[in-house]
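As structure tokens, the structure follows; a few thoughts come after it.
In each ligand, atom 1 is the first atom listed, and ligand 1 is the first ligand listed.
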Amino acid sequence: MNKFKPNTQIIGKKSLFLPTCHSTNDEAQQIIQKNENFHGTVIMADFQENGRGQRGNSWESLAGQNLLFSLAIDTSFLNVSQQFYLSKITSLAVYDAVQSLGFSEISIKWPNDILIDKKKIGGILIENNISGKNLKSSVIGIGINVWQENLVNGTSLVLINKIICPSILNLAEKICEFFENYFIKLKESKDFEIINQLYFNRLLGYQEILSFRVKHETFNAKIINVEESGLLMLDIGGIHKLFDIKEISFEL
Ligand code: BTN
């Protein structure tokens, strides 16, 4: 019996559960290639043999303990230059989902890590298929640490609060519901301004001094913008500089 029942029109109405796979993002890509009606399909797995993270890192997770989730969506309405909006709405949806389950002290760490009490509980890996100037389709990959207690990096929902820690399926349903609302804002109402405002409100270090590291140098700076391209604009003692994800890290 399928117990996964998000309260949505499209997102998550089709779903596939795998005991194991290489990466749920790869499974979602295959569904996009094979099936015209892929839009809104969710793939979840108990275990990934080759889970992938940002910057070419691997994403490790013990079997059955965490959310390993990918969503296949039609993004042909988006220009390539607007692709970072997918990152914004996904991090907002995960933020809202975790908050709706009773957690607080949540923040988004640029570009799209989800933190509680400044510790990472999950990450997002978006992979786009492009056709000319527009996107064609996208895979939204989300990994959230839920029940795993021994983690090399970051934390998990159970370590933050055992009493309100949700089931993995419940968390996935909430993510689908919030994601669908943001997706409609992006596609139909073109509410770019609202999305930007919400993202900046929840962005760790926005207009606040934080410590960053570039190569071996640590310095204090304020985030003053995230460009449409997704690049991070810092104010370092009055000087404005742009950074991409590969060259800068946060010192939290
Ligand atoms: C990050 O590095 O923060 C992003 C992690 C994204 C992990 C998820 S787990 C489900 C999906 N499948 C993958 O191989 N990666 C993403």
CA sep, side-chain torsions, deciding dist, call: S23, N50, side chain to side chain donor-acceptor pair (under 3.5 Å): CA-CA 6 Å; S23 149; N50 194 16; over 6 Å; no
Contact check, side chains of N37 and K14, non-hydrogen atoms, under 4.5 Å: yes
Residues in the immediate environment of ligand 1 (any heavy atom closer than 4.0 angstrom): S23, T24, N25, Q48, G51, R52, G53, Q54, W59, L68, F69, S70, D113, K120, G123, I124, L125, G141, I142, G143
Residues that, via side-chain heavy atoms closer than 4.5 angstrom, fall in one hydrophobic cluster with L62: none
Centroid-centroid distance, F183 to F77, less than 6.0 Å: yes
ring-ring contact (aromatic ring centres under 6.0 Å, His included) involving F219 - partner list, sequence neighbours excluded: none
Inter- and intrachain pairs under salt bridge (charged side-chain N to carboxylate O under 4.0 Å, His left out), touching residues 85-107, at least two apart: D96-R202
